[in-house]
Amino acid sequence: MNIENYLTTWKKKVDDKLNEYLPSEDEYPQLLHKAMRYSVLSGGKRIRAILMITTYSLSGGRKLDDIMPVSSAVEFIHSYSLIHDDLPAMDDDDYRRGVLSCHKKFGEAIAILAGDALFSHAFYLISHSDIEAGLKEKTFKALTEAIGNRGIIGGQVEDVLSDSNRKDPKLLRYIHSHKTASFFSAVCEMGAILAEAPMDKILASRRGGLLLGMAFQIQDDILDVEGKKEEMGKEVEKDKDKLTYPLVYGIDFSKTIAKRYSMLALRELSVFDDKDKIFEELLNFLLGRRN
Ligand code: GRG
């Protein structure tokens with residue numbers, strides 16, 4: 001398995017679907033639709049959608065066309081979180097994915113509304129998809145649990161409130177597992193749910209996704225220290241005043257912890273007959289990434 005080819009192929013398929021599902025810039029209100037398209041189509045690895053598709057396929061799912069609205073919805077929600085995360089009231093970032101952040105390009109009001117509209121559009125897409133009603137309900141349950149006050153938003157609140165003077169490992173784990181890993185957990189779980197996998201595989205996907213998401217966010221922390229602005233497509237050293245793994249554990253031990261989470265994730269995901277070692281290659285790719 002050449003993971004770079006795998007990721008490029010799937011990224012292209014996901015990008016095509018995102019383009020298809022986004023409202024046209026000609027449709028009223030044009031500025032809102034322009035901002036939505038700008039942020040979603042500005043790049044991105046599409047890792048959450050690809051993880052969902054991978055878990056679905058490894059769970060025996062064969063109706064890939066049917067689940068594309070869900071994998072696209074996941075990327076719309078992710079883009080929404082990035083637009084809001086970049087706002088002056090949050091991380092105050094001028095650049096994202098190598099281009100101006102949404103509020104820098106369109107102003108704060110439109111950026112806030114573009115984020116809100118992407119969120120609604122995600123649910124519109126899933127609810128209008130051809131997925132069977134029972135599976136849709138289970139998908140909504142996994143998704144809404146991961147992105148609300150007990151998930152991404154909860155993690156983001158503690159992240160915004162955090163400061164580098166309070167080196168609290170428990171709080172750090174809460175922030176990372178909620179603001180980032182809960183979504184990874186949900187996308188893997190949704191892949192298994194939609195493929196109608198047995199409960200042991202659904203639960204292993206959920207746990208494996210969470211561990212994978214922890215490794216991913218720790219690497220994100222490491223990149224904020226070691227990464228280059230040109231490669232990252234945004235400013236680095238933005239988390240200096242935040243509670244991060246490098247702050248609490250130092251860079252070298254953070255790398256060890258990320259590797260450990262990655263091994264634990266693989267142990268959970270070993271319930272799948274992953275002959276091509278896609279999960280292993282994916283994790284190696286994510287821990288070696290430069291952006
Ligand atoms: C939208 C559910 C929701 C909540 C809003 C703003 C906010 C509350 C949450 C922000 C959470 C956040 C931005 C976490 C950081 C996660 C992270 C490491 C993002 C970068 O992900 P990549 O590397 O980005 O996958 P690309 O550009 O590749 O898509």
Side-chain angles (χ1 to χ4, degrees), residues 7-8 10-11 14-15 18 36 38-52 71-93 95-99 101-103 108 111-123 142-162 174-187 209-210 212-224 227 231-236 238-239 242-245 258 282 285-291:
L7 291 173
T8 309
W10 276 109
K11 177 175 152 47
V14 171
D15 282 344
L18 294 173
M36 289 164 77
Y38 172 85
S39 285
V40 174
L41 301 177
S42 61
K45 297 178 284 298
R46 313 304 187 202
I47 205 67
R48 293 157 187 78
I50 296 174
L51 263 174
M52 204 200 107
S71 54
S72 303
V74 159
E75 289 295 326
F76 288 144
I77 293 169
H78 171 55
S79 281
Y80 156 48
S81 77
L82 298 181
I83 294 173
H84 281 204
D85 191 49
D86 289 341
L87 289 168
M90 303 236 187
D91 276 5
D92 193 10
D93 270 304
Y95 289 92
R96 169 70 64 181
R97 295 169 171 168
V99 294
S101 45
C102 194
H103 67 278
E108 272 186 63
I112 291 169
L113 293 167
D116 295 343
L118 284 169
F119 195 53
S120 320
H121 195 52
F123 287 91
L143 184 59
T144 49
E145 190 185 334
I147 60 182
N149 54 301
R150 296 199 176 103
I152 303 183
I153 296 178
Q156 178 74 353
V157 168
E158 291 300 338
D159 184 64
V160 166
L161 296 176
S162 80
Y174 173 86
I175 293 172
H176 284 42
S177 60
H178 287 73
K179 84 165 178 178
T180 304
S182 65
F183 202 19
F184 277 81
S185 173
V187 299
L210 189 77
L212 190 155
M214 287 299 289
F216 181 88
Q217 181 57 53
I218 296 169
Q219 177 63 14
D220 201 72
D221 285 359
I222 293 168
L223 285 173
D224 186 67
E231 288 176 330
M232 298 286 286
K234 60 175 186 148
E235 293 293 340
V236 291
K238 287 285 293 183
D239 299 340
K242 293 248 182 95
L243 188 54
T244 63
Y245 273 76
L282 241 168
F285 169 84
L286 292 177
L287 291 191
R289 75 190 201 275
R290 302 299 304 161
N291 67 41

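Any value given below was found using the heavy atoms of this structure, including those in side chains, with hydrogens, waters and symmetry copies removed. Atoms within each ligand, like the ligands themselves, are counted from 1 in listed order. Given the structure is predicted, the values throughout are model-derived calculations rather than measurements.
The salt bridge (Lys or Arg N to Asp or Glu O under 4.0 Å) analysis of residues 212-223, with sequence neighbours excluded, yields the pairs Asp220-Arg289.
Ring pair Tyr80/His84 is perpendicular by interplanar angle, where above 60° counts as perpendicular and below 30° as parallel.
A search for ring-ring contact (aromatic ring centres under 6.0 Å, His included) contacts involving Phe123 returns Phe119, Phe140, not counting sequence neighbours.
Residues Phe216 and Arg48 meet the side-chain proximity criterion, which asks for heavy atoms closer than 4.5 Å.
Here CG of Leu118 is found 6.0 Å from OG of Ser79. Values are rounded to the nearest 0.5 Å.
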Dump all N/O pairs between ligand 1 and the protein below 3.5 Å as a table: atom names plus distance, one pair per row.
residue: ligand 1; atom: 21 (O); partner: Arg48; partner atom: NH2; Å: 3.2
residue: ligand 1; atom: 23 (O); partner: Lys45; partner atom: NZ; Å: 2.6
residue: ligand 1; atom: 24 (O); partner: His78; partner atom: NE2; Å: 3.4
residue: ligand 1; atom: 25 (O); partner: Arg48; partner atom: NH1; Å: 2.7
residue: ligand 1; atom: 27 (O); partner: Arg97; partner atom: NE; Å: 2.9
residue: ligand 1; atom: 28 (O); partner: Lys45; partner atom: N; Å: 2.9
residue: ligand 1; atom: 28 (O); partner: Lys45; partner atom: NZ; Å: 2.8
residue: ligand 1; atom: 29 (O); partner: His78; partner atom: NE2; Å: 2.8
residue: ligand 1; atom: 29 (O); partner: Arg97; partner atom: NH2; Å: 2.8

Which donor-acceptor pairs under 3.5 Å do side chains of residues 152-160 form with protein atoms, sequence neighbours excluded?
residue: Gln156; atom: NE2; partner: Asp85; partner atom: OD1; Å: 2.8
residue: Asp159; atom: OD2; partner: Lys242; partner atom: NZ; Å: 3.2

